[in-house]
Amino acid sequence: MPELPEVETVRAGLAAHVRGRTITAVTVYRDRAVRRQAGGATQFESMLIGRTITAVVRRGKFCWLLLSGPDGAGEDYALLAHLGMSGQLLVRAAPGGEHPHLRIRISMHDDGEVWFVDQRTFGYLTVDDLIPTRDGGPGGFAGPDPGPGQSAPSAAVPITPGPGVPHGRQTAAAGSVLPRPVVHIGRDLLDPLLAPGTPGRAGLNRRLRLGRRDLKRALLDQELTSGIGNIYADEALWRARLHYQRRTDRLRPAVVDELLDAATEVMREALVAGGTSFDALYVNVDGTAGYFDRALAVYGRAGQPCPRCGAIIVREAFMNRSSYFCPRCQRRPRRL
DNA sequence: ACTGCGTCCTGGGGGC
DNA sequence: TGCCCCCAGGACGCAG
């Protein structure tokens, strides 16, 4: 399932292939793939044709292409993508070709194409306005002006050891310019403004403990911090030795810090590996798969020994999905 | 205001 | 062999 590392892999692949190219034709094969678009497929197609892709940006699991107008006008709109469960963005060098789950075909002036392929159609594409925000929205970081170093439009912000990770165009007011559906999405853990030791990270730690809910539910809350899905939530909890049902209002700040560090690290490592692929449902823009699934400690490993202590990994239903954990390393809280 | 649950979707796999 | 049910889960909308 595409979570932050998988979407960043796709973003980087897209940026390398489509930046500077102009859209000449758009075909929507399945209306559900543009269900968020005001005006439907017709509006979607007409808003894209003639526009040039100037940058590819990501926050959490959302990825968007900045578009400039036919007359070279400013970047007023973005083509926003969410991959959902099974979405893929594939780049093709030559026109034509088919795929059983091809939902949208975007043709470019040099005969290249971008395909939105999605078996389960939980994902979608939509064209929407770019909204200047002061702090990235309700779940975002409200802090001091990051300074001129952060203000270069769509500049890649190098994060070692992974590839460059842009986090939206920073405005002079310490906010970001975001597609309308992303305004309420919190900054992700690879965002420099949430780096360990920063005021942003401290604020996230505090907001996480403000609520009274199960810890995993908070990790999955995309308004708090975005990009974490079921796989990396379980992996981060295992690394931090925390049970998913620990209640957020009873956690000490230092414990939450360790968990956020663990989540950051596991996603960075996955990014270096090109993401996690269980099957052909998640791939890079060229169709190649990542290999981080081999490094997973607990996710999908029910019945196998914990890599740390040897106890048998358990799978439980939680929030209508699966939670994997080590019953010895991650003790269930006495009080729920 | 805040928390939690139902819903959308499709193909693969297991059981009988 | 065929059929049916379960499973995967991100984000949103709504109920309480």
Side-chain angles (χ1 to χ4, degrees), chain A residues 1-8 10 28-38 58-64 80-89 99-104 116-126 128 137-140 178-186 188 206-237 244-251 263 267 275-283 289 293 296 298-303 315-324 336:
Chain A
M1 306 86 226
E3 303 180 30
L4 188 154
E6 293 75 36
V7 178
E8 171 55 23
V10 169
V28 175
Y29 299 101
R30 175 82 65 110
D31 281 342
R32 181 173 156 79
V34 292
R35 64 191 177 283
R36 302 266 164 208
Q37 182 74 52
R58 182 192 54 76
R59 171 179 287 200
K61 304 170 196 170
F62 288 85
C63 181
W64 59 95
L80 176 67
H82 195 290
L83 302 180
M85 284 291 297
S86 54
Q88 305 172 37
L89 286 166
H99 187 289
H101 307 304
L102 178 60
R103 310 307 188 196
I104 299 171
F116 179 61
V117 170
D118 192 0
Q119 178 198 101
R120 286 171 229 177
T121 62
F122 274 42
Y124 60 89
L125 302 190
T126 191
D128 212 327
L178 301 171
R180 191 178 299 275
V182 184
V183 165
H184 69 288
I185 298 297
D188 60 63
R206 183 167 30 80
R207 284 198 311 280
L208 187 146
R209 289 178 292 105
L210 275 180
R212 172 197 167 113
R213 62 228 275 221
D214 293 321
L215 182 52
K216 184 170 176 180
R217 192 180 292 278
L219 272 185
L220 293 173
D221 181 348
Q222 305 296 301
E223 299 196 19
L224 213 43
T225 183
S226 60
I228 302 174
N230 204 38
I231 297 174
Y232 297 111
D234 280 1
E235 293 297 310
L237 288 164
Y244 66 91
Q245 285 177 304
R246 292 288 292 271
R247 246 175 55 183
T248 51
D249 60 336
R250 297 198 186 116
L251 293 169
M267 290 195 291
T276 300
S277 307
F278 294 111
D279 49 40
L281 283 189
Y282 166 70
V283 291
D293 59 308
L296 296 176
V298 286
Y299 184 85
R301 307 211 180 271
R315 170 191 172 277
E316 287 181 1
F318 175 68
M319 291 175 69
N320 279 330
R321 65 201 65 198
S322 292
S323 277
Y324 298 91
L336 291 177

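Residue numbering restarts at 1 for every chain, and letters A, B, ... go by the order of the sequence lines.
- Of the possible donor and acceptor atoms, one in the side chain of A:Glu6 sits under 3.5 Å from a partner among the backbone N and O of A:Glu3.
- OP1 or OP2 of C:dA11 has not a single side-chain nitrogen or oxygen of A:His184 nearer than 4.0 Å.
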Salt bridge (Lys or Arg N to Asp or Glu O under 4.0 Å) between A:Asp234 and A:Lys216, intermediate numbers included: CA-CA 8 Å; A:Asp234 280 1; A:Lys216 184 170 176 180; 2.7 Å; yes

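- Side-chain nitrogen and oxygen atoms of A:Ser86 include none within less than 4.0 Å of the OP1 or OP2 phosphate oxygen of C:dG9.
- With a 4.5 Å cut-off on side-chain heavy atoms, A:Asn230 and A:Tyr299 count as touching.
- Looking at A:Thr248, its side chain does come within 3.5 Å of a backbone N or O of A:Arg213 through a donor-acceptor pair.
- Looking at A:Asp128, its side chain never comes within 3.5 Å of a backbone N or O of A:Pro179 through a donor-acceptor pair.
- Considering only side-chain N and O atoms, A:Asn230 lies under 4.0 angstrom from the phosphate OP1 or OP2 of C:dG9.
- Across the protein-nucleic acid pair, A:Asp249 atom CG and B:dT3 atom C1' stand 12 Å apart, rounded to whole Å.
- Ring geometry for A:Tyr244 against A:Phe318 counts as tilted: the plane angle lies between 30° and 60°, on a 0 to 90° scale.
- Rounded to whole Å, the distance from OH on A:Tyr124 to C1' on C:dA11 is 7 Å.
- C:dA11 atom C1' lies 17 Å from atom CZ of A:Arg59, rounded to whole Å.
- A:Gln222 contributes a side-chain N or O that, together with a main-chain N or O of A:Gly227, makes up a donor-acceptor pair within less than 3.5 Å.
- When atom types are taken as modelled, the side chain of A:Arg59 and the backbone of A:Val182 share no donor-acceptor pair closer than 3.5 angstrom.
- Protein atom CD1 of A:Ile228 is 14 Å distant from nucleotide atom C1' of C:dG10, rounded to whole Å.
- Look at NZ on A:Lys61: it is 13 Å from C1' on C:dC12, rounded to the nearest Å.
- Regarding A:His82, its NE2 atom lies at a distance of 15 Å from the P atom of C:dG9, rounded to whole Å.
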Pairs: protein N or O with nucleotides 8-12 of chain B N or O, under 3.5 Å:
from   : atom 1 : to       : atom 2 : distance (Å)
B:dT10 : OP1    : A:Arg30  : NH1    : 2.7
B:dG11 : O4'    : A:Gln119 : OE1    : 3.4

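- Counting only distance, with no hydrogens or angles, the side chain of A:Arg58 and the backbone of A:Gly60 share a donor-acceptor pair below 3.5 Å.
- Residue A:Met85 contributes atom CE, which lies 18 Å from atom P of B:dT7 at whole-angstrom precision.
- Near DNA chain B, meaning a heavy atom under 4.0 Å from it, residues 211-220 of chain A has A:Gly211, A:Arg212, A:Arg213, A:Arg217 in order of number.
- Rounding to whole angstrom units, CZ of residue A:Arg321 and P of B:dG6 are separated by 12 Å.
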